[in-house]
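Step one of this worksheet: look at the structure below.
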Protein chains: 2
Amino acid sequence: MIETKDLEKQYLEYMTKMESYKEALSLIFWDLRTGAPKKGVDRRSDVIGVLSAEVFNMSTSEEMAAYLAQLLQEDVFQSLNDVTKASLLETKKNYDQNKKIPAKEYQDYVVLSTKAESVWEEAKAKSDFAMLQPYLEKLVEYNKKFIDYWGYDNNKYNTLLDLYEPGVTVAMLDEVFGRLKDRIVPLVKAIQNSKVQPRSSELLVPFSKENQQSFSLEVLKELKYDFDAGRLDETVHPFAIGLNPGDVRVTTKYDEQDFRTAVFGTIHECGHALYEQNISTDLVGTGLCTGTSMGIHESQSLFYENFVGRNESFWKRHYKTLQRYANGAFDSLSMEDFYLAINEAKPSLIRIEADELTYALHIMIRYELEKALFNDELEVKDLPKAWDEKYESYLGITPPNDAKGVLQDVHWSGGSFGYFPSYALGYMYAAQFKQAMLKDLPNFDELLEKGELDSIKGWLTEKVHQHGKMKKPLEILKEVTGEELNIDYLIEYLEEKYKGIYQL
Amino acid sequence: MIETKDLEKQYLEYMTKMESYKEALSLIFWDLRTGAPKKGVDRRSDVIGVLSAEVFNMSTSEEMAAYLAQLLQEDVFQSLNDVTKASLLETKKNYDQNKKIPAKEYQDYVVLSTKAESVWEEAKAKSDFAMLQPYLEKLVEYNKKFIDYWGYDNNKYNTLLDLYEPGVTVAMLDEVFGRLKDRIVPLVKAIQNSKVQPRSSELLVPFSKENQQSFSLEVLKELKYDFDAGRLDETVHPFAIGLNPGDVRVTTKYDEQDFRTAVFGTIHECGHALYEQNISTDLVGTGLCTGTSMGIHESQSLFYENFVGRNESFWKRHYKTLQRYANGAFDSLSMEDFYLAINEAKPSLIRIEADELTYALHIMIRYELEKALFNDELEVKDLPKAWDEKYESYLGITPPNDAKGVLQDVHWSGGSFGYFPSYALGYMYAAQFKQAMLKDLPNFDELLEKGELDSIKGWLTEKVHQHGKMKKPLEILKEVTGEELNIDYLIEYLEEKYKGIYQL
């Protein structure tokens, strides 16, 4: 027993060391995106290279192999505590993933995807898919080979899904997206024919950066973001980042002609940040002290952005303050009109600009294309045509060019296939969580109006945040809601809300 | 030959890896002092521990020993280029320093000095030297043992001086401080009896932080600080820090009742930053890409603070702008009165608040005490009395308590003995450089008045900055000025300036 204790201690120290390098990398990442001087960036990239290589080497080292071999022996494993157990299983998964790909091949792949990302930038600027096509073809080939190395269950694409959302399968997604298509596509069409027109153009008023910042800071405070464990900075592509639970930073972007970018962006990132701020500190240094998956992370950001930030009760409390910071620019817009305006829904071409109602359709399109690619039902060269057809079919609009179509997202050129569905899963999880929360906090809307957000945050922390990676995404979903993945909650929420707004 | 080339390459890669860890550490350090959320600090300290330990381990590893053993062989060494040569010699020096102390002993010493620093904080707050005394005694004992391990030439204290200012000896310092004492002590006394009284109290006007910041940014730009390779942030204890030559950050502190803190502080740190921004990028990753010594670094900050920032010609150009940012608060103070006020000199108790004229006397006192401690002519317990006597003798004032006397500085409780003289050397070097510069730029004052600071920065870059640690401090001094260390330039400068100001 004493020997096992020593080994466990060594393993955890080793993990803490790896996590320390990762924390340093996170700080570098944050700094690069919030104001690092540009002339220092080249050298900083080398620093990133050194630290990342060290993390990778440690995760695949002989020392790591020895820890896993010894601590995963059945009798030894059973004697360990739950945190160490979960840490070992997570580490083993990463170890296998990294080890099964020949080192040289993986290295070539990293070089290729880095190159492809910069080609993508140019291809998008020129709206020239042919430029990117050979890179995408190679990236897809690599990923197919990786699937061969890693193996798969039922559908090759499942292996890619599992990278971002462990446990989620094609069968599950086919089912939920099928229902989404049946119910939301007609609703989107009905809305287009509605006589109701939210006065959204009246939101586009001059609004100084300083005032947007002051309002954003007030909102973060209202949402119970802990400023002793975080800070708000400006950036180009907003993000939240957890260095450790005591240091989780939010970034935002200010558009002086459209306050929504900063305000809803900040609320969204705050949802991510609340997750990372409230993970149990027992998990620090174990590899488990982060969100359990992309989808669960997104469920937290979307919960706050939509169920809190686009909720009428929230604005009953905050609209006067916003009006004040807007220096009278919204004086002619009643709270009710404002509420309708910030919830305008209409088909659009660009995913990241899509509204709450249509967003998941953008994801569904990408999901169907990825699934086809990895099941040899679609070739890379045919992506633009397939893309445009699906946009026409589901959203009723066709991209005028590839820049506004198949080239709009960076994900594929970075080699991220299987990642997109997490965004839609985030919507579904969030709606399912909300439904469960209402059983414990039936006065949800009243809490928003009174500014009593502690109980909402507390509920999410108890059910989701604190566990970090100790629980898998679908395990959390089942425990919290008593159900498997069920898109009906999202559909019902959207139908009720948007039929109301558009008087259908 | 090919084998040597490979070995050299491996050595340089190894150095670059170490330097990468150091760069990450520098970013963490900057972040901690400019706004890192307080709840994340404990965990961040562990990250610092991991990275620092890695740097230390790499610097004393068997791999490092092998590089040094092979590459320092006479015939191999001679075949290497100058940068690798200088890197190896510097690395060897660190290696020996670290290796000669038994690991356990060094570890105990680090623990002791960390503890002593926090004891010092409390002892200073309570003005209770007895609290700190046992710690200081142990720290002095450790340093005496280290001197035994490292060896010494002529005077034990030389070994400590060499840690911070390679090549500088007790013999040199005795000589220069002797001359300083003879000439400056009487001048300080004469000034006290002068009828001239600069209107310094009129500088203490309300001055908003925002306006101080705007003025500081203008001044940095005027001094040719490169904002594409740096940034200005707020902190409690200002510093400049070079992460790499393309990322050298300045920090400052704003006192809304006394603009001098920010303005002269920023100019001072800018001098440090210009040094680090202009080191040759060929030295990146070699261990040589930093200032060559504490004293040379300080010479650059003091050059800008005093020869530029407290120069009448500089204010002829900038006083109007300052008046504007001060919102009229200086309207009744002429440029001439302002110049006298910012150059007020009088004996004071606190080193970091001392003026240009008396500063070196504060250092001289510390030097004499340290020298006595390490030559067994003074015991730790007798420090307070010795301190007070020297302040009375050289500055004509006696500290009312130890908080304002022997306990004022953190250095000794952190185990830094031999560090103080670098500050005074900075003054001497700066005056000597200035004298040499005047031969090439006889119109120095005119350049300031015209805002043509490029030629001044260019001169310092050519003579000092670019070389980084490729040249030793006294080697630079000799090459640039044609002379050994000579305090007469500083004395003559101070006498001329202050006799003028005080009409003596």
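Each chain gets a letter, A, B and so on, in the order the sequences are listed, and its residues count up from 1.
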Tell me which of these, [options], has more heavy-atom pairs under 4.5 Å with chain B than the rest.
options: A/Asp31, A/Val248, A/Ile28, A/Leu51; answer: A/Asp31
options: A/Ala24, A/Gly35, A/Ala36; answer: A/Gly35
options: A/Leu25, A/Asp46, A/Asp247, A/Asp228; answer: A/Asp228
options: A/Ala53, A/Gly246, A/Gly40, A/Pro37; answer: A/Pro37
options: A/Val47, A/Leu243, A/Ile48, A/Thr281; answer: A/Val47
options: A/Lys39, A/Arg249, A/Lys17, A/Lys38; answer: A/Lys39

Any donor-acceptor N or O pair under 3.5 Å, side chains A/Thr84, A/Tyr11: no
Option passing side chain to side chain contact (heavy atoms under 4.5 Å, CB included) with B/Lys457 (candidates B/Leu274, B/Leu223, B/Asp226): B/Leu274
Interatomic spacing from CG in A/Asp82 to CG in A/Asp282 - rounded to 0.5 Å: 11.5 Å
Aromatic ring pairing A/Tyr275/A/His297, orientation class (parallel under 30°, perpendicular over 60°, tilted between): tilted
Parallel, tilted or perpendicular: ring planes of A/Trp30 versus B/Trp30, cut at 30 and 60 degrees: tilted
Under 4.5 Å from any heavy atom of chain A - which part of B/Glu19: both
Side-chain donor or acceptor of A/Thr235 paired with backbone N/O of A/Pro238 under 3.5 Å: no
